[in-house]
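Notes follow the structure.
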Amino acid sequence: MKNNENKLSMDTLASLCKRRGFIFQSSEIYGGINGFWDYGPLGCELKRNVRETWWKNIVQNRENVVGLDASIIMHPKVWEASGHVGGFQDPMQTCQICKKHLRADQVWEGIKESAWFGSLVRAIEGVPDTNEVTFTGPSLLRWAIRDGKKLAPGLALVRNPQVTLSWLAEKANTTDTVNISCIDLIRHVATEQLAQTGLQTPCPHCGGPLTEPRQFNLMFETYVGAIKSEDHKTYLRPETAQGIFAQFGNVLATSRQKIPFGIAQIGKAFRNEINPRNYTFRSREFEQMELEFFVKPGTDQQWHEYWVEERMKWYQSIGLPAESLQKYVYKKEELAHYASACVDIMYNFPFGMQELEGIAARGDFDLSRHQQFSGKSMEYFNQETNEKFVPHVVEPSAGVDRIVLALLCNAYKEEWLGKDNQVLPAEPGKQPPEGFEARTVMRFHPKIAPVKVAVFPLLKNKPELVEKARGVFDTLQKWYPSFWDVAGAIGRRYRRQDEIGTPFCVTIDFDTLTNNTVTIRERDSMKQERIEISKLADKIHETLA
RNA sequence: GCGAGCGUAGCUCAGUGGUAGAGCUCCACCUUGCCAAGGUGGCUGUCGAGGGUUCAAAUCCCUUCGCUCGCUCCA
């Protein structure tokens with residue numbers, strides 16, 4: 001990360017997360033493993049808080065949403081029905097111009113069926129059914145300028161005819177016509193600079209150059225039972241959603257829900273990402289929180305809008321400020337063929353605006369596919385109207401680890417503190433000015449903070465203070481994740497809590513012994529207030545709403 | 001996937017062929033009447049891993065894993 005513009009470097013954050021026990025690299029003692037992360041004592045509390053507030057908001061506080069906890073490994077047919085097997089298991093090539101993904105083994109078939117190929121063959125009067133074609137340079141050029149421009153704008157011959165045709169020059173100088181295999185011709189007209197790139201394969205849609213064939217099989221494979229054979233092959237789920245669709249009938253039959261209603265699930269999913277990067281942002285093992293909300297066909301749009309707004313509110317409720325969030329509305333041509341709408345909720349990470357959650361209106365695609373592949377009905381019968389239909393679905397699908405990362409990025413603040421309670425924003429990489437000291441503070445919303453309150457006796461060598469403080473701690477710990485600390489000067493103990501984002505520190509001093517009041521110090525303002533011990537729990541509770 | 005850089009204590013880093021270091025953190029004791037004070041003592045490393053060159057490797061070479069950055073990719 002660039003260290004300018006006061007941007008948080010992910011290295012700095014990762015360093016704090018390791019030092020304080022939020023996030024460790026998986027299998028670190030063996031050199032680590034790319035794309036996998038472990039949550040330490042504080043990190044797992046933070047993550048639990050994210051899950052719990054989501055579950056409360058989505059499931060427990062609504063009559064019409066129920067939960068599910070499906071298995072990670074499912075029948076392989078699930079992934080055929082979902083389109084994950086077949087569609088993306090084969091080597092794929094990507095067009096560098098129009099960005100379309102193509103199965104490598106279908107590219108030539110696609111080219112032969114394409115409009116531009118047919119047009120080209122007619123223009124040069126070649127005979128494509130035989131392996132050889134015959135043509136002249138000028139005829140190629142004429143085609144490029146006229147039909148090629150419209151039909152295959154990405155083709156090298158069309159974009160840059162002179163350079164592309166230079167490969168002909170030698171042959172064209174000696175003879176007017178060129179004999180060449182049809183495949184070679186196509187590859188030559190797709191190649192701009194032979195020396196640099198070698199022969200290219202054109203995109204069937206636009207003629208643009210394709211990337212090398214690549215394995216896009218992003219599902220982890222495994223074998224059920226002891227025998228390692230194709231018959232026993234199955235997959236770690238690449239998304240949690242399919243468990244919900246596959247159990248739609250059972251949930252409907254047992255929950256007595258009526259449309260519209262939702263099924264929610266939190267769980268691990270696995271994608272064998274080609275290139276995990278940006279700390280925990282793109283991991284190979286990650287956790288999703290998904291809601292499948294089933295609606296009557298035709299009401300998709302209103303429910304989609306409803307859930308986008310609900311989800312935006314939720315992100316703000318856990319402390320992500322509105323100005324750091326952004327909605328990205330998919331354009332028609334970006335949508336999957338079955339989807340009618342999709343909105344991503346993005347967060348402004350130090351490494352860019354990136355997706356936290358996608359909210360998609362997926363129509364009846366998933367249920368219909370499972371109906372087709374399983375032969376089991378996925379229809380819903382409305383008694384009141386006597387209607388039978390396959391419900392449409394609106395799917396808000398969020399990444400837990402990404403939300404945790406956003407919360408960590410958002411919380412991290414460095415400040416310079418002066419003598420007279422003066423606070424300056426720190427300039428990364430610089431020493432504070434004379435008379436100022438640096439403070440690192442994690443400004444988590446109290447609701448998601450891993451530890452809610454720390455309790456200190458002012459001095460540790462005064463047994464009466466320690467004993468009194470211990471009593472306060474024992475009481476608070478029954479209600480909130482609490483932290484006990486007697487070690488070091490009081491200021492040092494405050495700063496330790498600042499760095500893990502504890503919103504409140506309670507200090508027991510000599511006044512406490514006479515009147516049962518303590519000071520409660522607030523993390524962000526560092527202001528202290530003296531209140532009665534009996535009012536502590538309520539005071540903290542107020543901030544968790 | 002390609003290219004470049006990096007990997008030494010929990011963290012930040014110094015150490016360019018000859019006995020593995022510093023600051024901070026952490027722990028113990030002392031001190032300390034509210035924001036990283038001070039004192040004393042202490043723990044911590046197969047120098048990412050494996051192989052090679054050498055009398056001798058943290059240091060040079062090869063391989064590999066991991067991290068960062070830039071392309072690429074992200075259904």
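Quick note on labels: first sequence line is chain A, next is B, and so on, each numbered from 1. If you're wondering where the values come from, they're calculated on a predicted model, not measured in any experiment.
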Problem - Side chain of A/R496 (C-beta onward), nearest among B/U32, B/U68, B/C27 - result: B/C27
Practice task
Mark yes or no for a side-chain to base donor-acceptor pair under 3.5 Å between A/N34 and B/C65, with no hydrogen or angle criteria applied.
Solution key: no
Practice task
Classify the nucleic acid contact of A/Y279 as base, sugar-phosphate or nothing, counting any heavy atom under 4.0 Å across all strands shown.
Solution key: sugar-phosphate
Handout entry: Test item: A/I540 and A/L476 side chains (from C-beta on) under 4.5 Å apart, heavy atoms
Key = yes
Problem - Gap in Å between the two P atoms, one belonging to B/A49 and one to B/U54, rounded - result: 23 Å
Problem - Value in whole Å for how far the C1' atom of B/G48 lies from CD1 of A/I33 - result: 15 Å
Exercise for the section: Could you say whether A/E28 or A/G491 is positioned toward the 5' end of RNA chain B, judged by the nucleotide with the nearest heavy atom to each? Expected result: A/E28
Exercise for the section: Return the nearest nucleotide to the side chain of A/D511; candidates are B/A36, B/U31, B/G33. Expected result: B/G33
Problem - Backbone N/O of A/L417 and side chain of A/E415: donor-acceptor pair under 3.5 Å - result: no
Problem - Euclidean distance for C1', B/C47 against B/A58 (whole angstrom) - result: 4 Å
Practice task
Side chain of A/L459 only, please: which of B/G66, B/G10, B/G33 is the nearest?
Solution key: B/G33
Exercise for the section: Check whether any side-chain heavy atom of A/M346 lies under 4.5 Å from a side-chain heavy atom of A/Q354, and answer yes or no. Expected result: no
Handout entry: Atom pair CZ/OG1 of A/F483 and A/T502 - distance to nearest 0.5 Å
Key = 7.5 Å
Exercise for the section: Tell me what A/A487 touches on the nucleic acid: a base, only sugar-phosphate, or nothing, going by heavy atoms under 4.0 Å. Expected result: nothing
Exercise for the section: Please state how far atom NZ in A/K462 lies from atom C1' in B/U32, giving the value in whole angstrom units. Expected result: 9 Å
Practice task
Rounded to the nearest angstrom, tell me the gap between atom CZ in A/R495 and atom P in B/C24.
Solution key: 16 Å
Handout entry: Between B/A56 and B/C43 - C1' atom distance, rounded Å
Key = 31 Å
Handout entry: Side chain of A/R521 - closest among B/C35, B/U31, B/G66
Key = B/C35
Handout entry: Length of the line joining A/D485:CG and B/C27:C1', which is rounded to integer Å
Key = 13 Å
Handout entry: Counterpart base for B/A28, defined by Watson-Crick or G-U wobble contacts under 3.5 Å
Key = B/U40
Practice task
Rounded to the nearest angstrom, tell me the gap between atom CZ in A/F270 and atom C1' in B/A75.
Solution key: 19 Å
Fill in the blank from the handout: Among B/A75, B/C2, B/C34, the one nearest any side-chain atom of A/P238 is B/A75
Handout entry: Single hit among A/K413, A/R523, A/R439 for side-chain hydrogen bond (donor to acceptor under 3.5 Å, both in side chains) with A/D498
Key = A/R439
Practice task
Could you check which nucleotide pairs with B/C35 in any of the strands shown, counting Watson-Crick or G-U wobble with both distances under 3.5 Å?
Solution key: none
Exercise for the section: Both distances under 3.5 Å, Watson-Crick or G-U wobble: report the partner of B/C71, or none. Expected result: B/G1
Problem - Side-chain (A/R237) to main-chain (A/W79) donor-acceptor, under 3.5 angstrom - result: no
Exercise for the section: From the options B/A37, B/C35, B/U31, select the nucleotide whose nearest atom is closest to the side chain of A/K460. Expected result: B/U31
Handout entry: B/U64: pairing nucleotide in any strand, Watson-Crick or G-U under 3.5 angstrom
Key = B/G48
Exercise for the section: Identify which nucleotide among B/C71, B/C29, B/G33 has an atom closest to any side-chain atom of A/R277, counting heavy atoms from C-beta outward. Expected result: B/C71
Handout entry: Distance, P atom - from B/G18 to B/U59, rounded to whole angstrom
Key = 11 Å
Handout entry: Complement of B/A9, any strand, by Watson-Crick or G-U distances under 3.5 angstrom
Key = none
Practice task
Please state how far atom CZ in A/R492 lies from atom P in B/A36, giving the value in whole angstrom units.
Solution key: 9 Å
Practice task
With heavy atoms under 4.0 Å as the rule, sort A/N461 into base, sugar-phosphate or nothing.
Solution key: base
Practice task
Specify the separation, in whole Å, of atom CZ of A/F510 and atom C1' of B/C34.
Solution key: 12 Å
Handout entry: Short side-chain N/O contact from A/R439 to OP1 or OP2 of B/C35, under 4.0 Å
Key = no
Exercise for the section: For A/A336 and for A/K18, locate the closest nucleotide of RNA chain B by heavy-atom distance; then report the residue assigned to the nucleotide nearer the 5' terminus. Expected result: A/K18
Handout entry: Whole angstrom value for the distance that separates C1' of B/G10 from CZ of A/F22
Key = 15 Å
Problem - Span that lies between the C1' atom of B/A9 and that of B/U25, in whole angstrom - result: 11 Å
Completion exercise
Considering only heavy side-chain atoms of A/Y494, the closest of B/C29, B/C35, B/U68 is B/C35
Exercise for the section: Once you apply the 3.5 Å cut-off to both distances, tell me the Watson-Crick or G-U wobble partner of B/C55, or none. Expected result: B/G18
Handout entry: Rounded P spacing from B/A57 to B/C69 in Å
Key = 35 Å
Handout entry: Side-chain (A/R521) to main-chain (A/Q528) donor-acceptor, under 3.5 angstrom
Key = no
Practice task
Ignoring the backbone of A/D11, work out which of B/C35, B/U68, B/G66 is nearest its side chain.
Solution key: B/U68
Exercise for the section: Measure from the side chain of A/S15, starting at C-beta and using heavy atoms only, and say which of B/U12, B/C35, B/A37 lies closest. Expected result: B/U12
Exercise for the section: Could you tell me whether A/R271 sits above the aromatic face of A/F220, with NZ or CZ closer than 6.0 angstrom to the six-membered ring centre and within 45 degrees of the axis? Expected result: no
